[in-house]
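This report concerns only the one structure given below.
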Amino acid sequence: MDAEKEILKLRKELEHHNKLYYVNDAPVISDYEYDMLMQKLILLESEHPELITPDSPSQKVGGAPVSQFEEVRHQVPLESLTDVFSYEELFAFGERMDGMINGQHEYIVEPKIDGLSMSLEYENGVFVRGATRGDGLIGENVTENLRTVRSLPLRIENAPEKLIVRGEVYMSKAVFNELNAQREIRGEALLANPRNAAAGSMRQLDPKVAASRKLDIICFNMQYSSEDNYTTHAETLDAMREMGFPVVPYEKFNNIEDCVQRIEWLGENRESLSYDMDGAVIKINSLSQRKTLGSTAKAPRWAVAFKYPPEKKESKVLDIVIQVGRTGVLTPKVIVEPVRLAGTTVSAATLHNQDNIDRLDLRIGDTVLLQKAGEIIPEVLSVNKSKRPEGAEPFKMPLVCPECGSPVVRDIDGVALRCTSPECPAQRLRYLAHFASREAMDIEGLGISMCESLINSGLVNTASDIYYLKAEDVAKLERMGDKSANNLISAIERSKEAGLARLLCAFGIRQVGQKAAKVLASHFETLDKLMDADIEELTKIPDIGAITAGFILQWFKNPQSQHLIGRLREAGLSFESKEEKKDARFAGQTFVLTGTLSRYTRDEASAIIESYGGKSSGSVSKKTSYVLAGENAGSKLQKAEALGIKVISEDEFAELIK
């Protein structure tokens with residue numbers, strides 16, 4: 001079949017399924033079938049790049065990075081809304097409308113999605129530009145990132161010549177929870193809430209990062225249409241839905257009293273929604289009445305946003321339990337008598353750490369005041385000490401891990417307590433995923449999902465169990481077969497020769513990442529020599545300070561660490577350094593990489609520098625020896641020039657390593 005015809009057919013089919021999924025909420029194919037159609041389109045377009053267009057559904061996977069966001073002046077200002085915090089204020093708004101509008105008037109009530117407001121521009125049905133709200137008059141051009149939003153149509157049928165739509169980009173609760181779970185497994189800082197996560201994703205210079213965040217959008221206003229034949233706001237929402245936009249759900253009412261009932265219903269049922277909402281919006285429906293009412297300097301007179309007050313309730317503390325997270329951090333959690341709060345039944349709340357418990361002076365048996373932080377996470381606000389029972393004792397965190405009995409250590413910042421065991425059951429998934437990751441043992445096919453399957457099936461409990469797996473057992477797992485199982489076992493076998501540096505990184509010793517692991521492997525050459533080292537020998541090594549050395553010694557002394565090493569030794573892993581021995585031409589020199597490199601990835605360039613005894617750093621200082629600059633180099637290049645540091649190109653770098 002002709003490639004262009006096949007591409008057009010696939011695009012139309014994908015757009016049809018997008019509308020069924022995001023607008024009609026009635027998908028007719030599975031996610032897998034959709035993904036297969038998308039992969040087929042991407043493959044065809046890669047073979048015929050001249051046929052790729054900006055409105056292709058394939059662009060949702062992310063295009064080339066941008067160097068910065070350009071300013072965009074909005075054709076129609078993106079106004080903010082006046083907030084009201086009580087029904088009295090809402091009734092006062094209704095009275096103002098009664099006094100300012102002659103005759104009957106309808107209200108529209110919509111949920112106020114907690115996301116990032118956007119202006120979306122279409123020309124002849126094709127999405128051409130998207131911008132953040134900014135100050136309402138000027139925003140930032142985030143078109144490439146918006147193309148990656150799953151529910152945003154890049155082409156619409158039967159569209160006016162020019163159309164501007166306003167929408168709210170958000171991250172669904174499910175995606176937010178999944179993203180935070182993945183970050184926790186990788187030991188990264190957790191995202192605070194879905195809104196911040198969505199805002200941060202939209203401000204990524206690389207659209208592929210934005211695409212990985214699986215953002216969505218809900219549209220709630222038609223800012224401009226070259227075919228302006230609508231009389232009410234409801235008509236514009238219906239028209240936008242017909243065009244293929246995901247549109248905010250709305251209800252029409254003739255009076256404020258009925259609006260209040262709808263607002264209460266939304267508040268009681270907001271937990272069932274896929275997105276976070278921080279209030280409800282009440283608008284006049286008639287567009288002509290809106291025009292008459294006009295706007296103040298800050299907001300339209302014809303609409304307000306009702307903000308739900310944070311609900312607070314008392315409950316009794318039944319117990320304080322310790323949870324061990326996937327990064328080994330011990331977190332206290334308070335168990336309370338179940339109480340209804342902000343639409344859900346709350347029976348527990350986080351206490352964060354010992355410092356917070358001491359600040360609250362919280363004890364088992366106390367009566368506490370609870371609130372949902374950001375309408376999501378229950379937290380303890382205060383203790384009602386007048387209701388404290390006699391004999392209630394202050395609570396102290398344990399000295400050993402409640403999951404495995406290993407000693408716990410306090411973080412350098414003096415706040416968090418952390419389990420020291422590499423075989424702690426609570427850390428199992430995070431540890432296995434890290435052990436097999438690309439920067440560690442690099443076991444292809446052993447990602448988080450496969451680690452989870454192996455753990456759930458009972459085939460793997462510790463990292464060493466990986467090397468005792470049998471293909472016939474792996475083949476029985478869901479979505480696995482003989483070929484996939486054999487591929488995984490082969491990858492595991494190959495990893496046995498990964499070398500000491502990767503193994504040390506895989507161990508997950510605190511403050512021993514890729515760089516420190518390479519330094520240690522290069523210096524000691526074998527694991528046994530490293531295990532025999534004392535604090536004095538360790539601290540003589542560049543980049544290994546007293547704190548890191550202490551963590552290394554502590555890790556190797558742990559009986560569970562010794563058990564892990566013993567089983568890995570029996571399985572036949574190499575405990576010797578695989579680092580290629582080169583001259584030390586870069587000894588004592590520090591390189592900073594900036595911009596886009598064409599010959600190497602940054603990891604490859606850093607590895608070359610380190611193999612010649614040099615160091616790579618993320619920031620420019622007076623101690624920097626060279627700045628290796630690629631295309632679109634930014635502030636690091638400017639700082640290097642200001643400090644008089646030698647800047648070299650990739651060609652010059654290639655000469656240095658001849």
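Note that the coordinates shown come from a computational prediction; the quantities given were computed from them, not determined experimentally.
- No donor-acceptor distance shorter than 3.5 angstrom exists from the side chain of D366 to the backbone of V368, with no hydrogens or angles considered.
- Shortest non-hydrogen contact noted between Y122 and P153 is OH-O, 2.6 Å.
- Side-chain atoms of H105 and N285, non-hydrogen and from C-beta on, never get closer than 4.5 Å to each other.
- The pair R147-E144 counts as a salt bridge, with a side-chain nitrogen and a carboxylate oxygen less than 4.0 angstrom apart.
- Between the side chain of S226 and the backbone N or O of E161, at least one donor-acceptor pair lies under 3.5 Å.
- Applying side chain to side chain donor-acceptor pair (under 3.5 Å) to H233 and the options E106, K252, E110 leaves one that passes, E110.
- Of the possible polar contacts, none joining the N269 side chain to the S272 backbone as a donor-acceptor pair under 3.5 Å is found.
- Using modelled atom types, one finds no donor on one side chain facing an acceptor on the other under 3.5 Å when comparing S119 with Q223.
- Residues I101 and T292 form no side-chain contact, since every pair of their non-hydrogen atoms from C-beta on lies 4.5 Å or further apart.
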Side chain to side chain contact (heavy atoms under 4.5 Å, CB included) assessment of E337 paired with V339: CA-CA 6 Å; E337 289 181 344; V339 60; over 6 Å; no
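- Atom NZ of K112 and atom CG of L266 lie 13.5 Å apart (nearest 0.5 Å).
- With hydrogens and angles ignored, the 3.5 Å screen pairs a side-chain donor or acceptor of K173 with a backbone N or O of L273.
- For the pair E121 and K162, the minimum side-chain heavy-atom distance is below 4.5 Å.
- A 6.0 Å sphere centred on CG of N229 holds more than 12 heavy atoms belonging to other residues, nucleotides or ligands.
- Y87 has its ring centre less than 6.0 Å from the ring centre of F306.
- Between R388 and D361 there is a salt bridge, since at least one side-chain N of the basic residue sits less than 4.0 Å from a carboxylate O of the acidic one.
- No side-chain heavy atom of L287 sits less than 4.5 Å from a side-chain heavy atom of T231.
- The minimum heavy-atom distance between V169 and A198, with the atom names listed, is O-CB, 4.2 Å.
- What you find for S295 and P300 is that their closest heavy atoms are OG-CA, 3.4 Å.
- Judged by distance alone, with hydrogens and angles left aside, the side-chain atoms of T350 form no donor-acceptor pair with the main-chain N or O of K333 at under 3.5 Å.
- A donor atom on one side chain and an acceptor atom on the other are not found under 3.5 Å apart for R133 and S117.
- Ion pairing between a basic and an acidic side chain is recognised when a charged N comes within 4.0 Å of a carboxylate O; E45 and R11 show such pairing.
- Looking only at side-chain heavy atoms (C-beta outward), F395 and L362 stay at 4.5 Å or farther from each other.
- At distances below 3.5 Å, at least one donor-acceptor pair connects side-chain atoms of N356 with backbone N or O atoms of L351.
- In this structure, the side chains of W302 and S286 stay at 4.5 Å or more apart for every pair of heavy atoms.
- A side-chain donor-acceptor contact under 3.5 Å links Q289 to the backbone of Q104.
- Remark: of the listed residues N145, T132, N141, N145 is the sole one forming a side chain to side chain contact (heavy atoms under 4.5 Å, CB included) with F69.
- Shown here is E157, whose CD atom has no more than 12 heavy atoms of other residues, nucleotides or ligands within 6.0 Å.
- Residues L120 and I217 are in side-chain contact: their nearest non-hydrogen atoms beyond the backbone lie under 4.5 Å apart.
- Here F85 contributes atom CZ and D83 contributes atom CG; the two are 4.5 Å apart, rounded to the nearest 0.5 Å.
- The backbone N or O of D355 lies less than 3.5 Å from a partner atom in the side chain of N353, making a donor-acceptor pair.
- Side-chain contact check for D238 versus Y250: some heavy-atom pair is nearer than 4.5 Å.
- Taking a 6.0 Å sphere around CZ of R203, one finds it holds 12 or fewer heavy atoms contributed by other residues, nucleotides or ligands.
- Atom CZ of F176 is separated from atom OG of S274 by 14.5 Å, given to the nearest 0.5 angstrom.
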From CA spacing to verdict: side chain to side chain contact (heavy atoms under 4.5 Å, CB included), M243, N158: CA-CA 7 Å; M243 291 177 196; N158 304 316; over 6 Å; no
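- Shown here for V329 and A416, the closest heavy-atom pair between the two residues is CG1-CB, 4.0 Å.
- Relative to the six-membered ring of Y308, R270 meets both conditions, a distance below 6.0 Å and an angle of at most 45° to the axis.
- Here the CD1 atom belonging to I357 is positioned 5.0 Å from the CD1 atom belonging to I320, to the nearest 0.5 angstrom.
- No side-chain N or O of S172 forms a donor-acceptor pair with one of D216 less than 3.5 Å apart.
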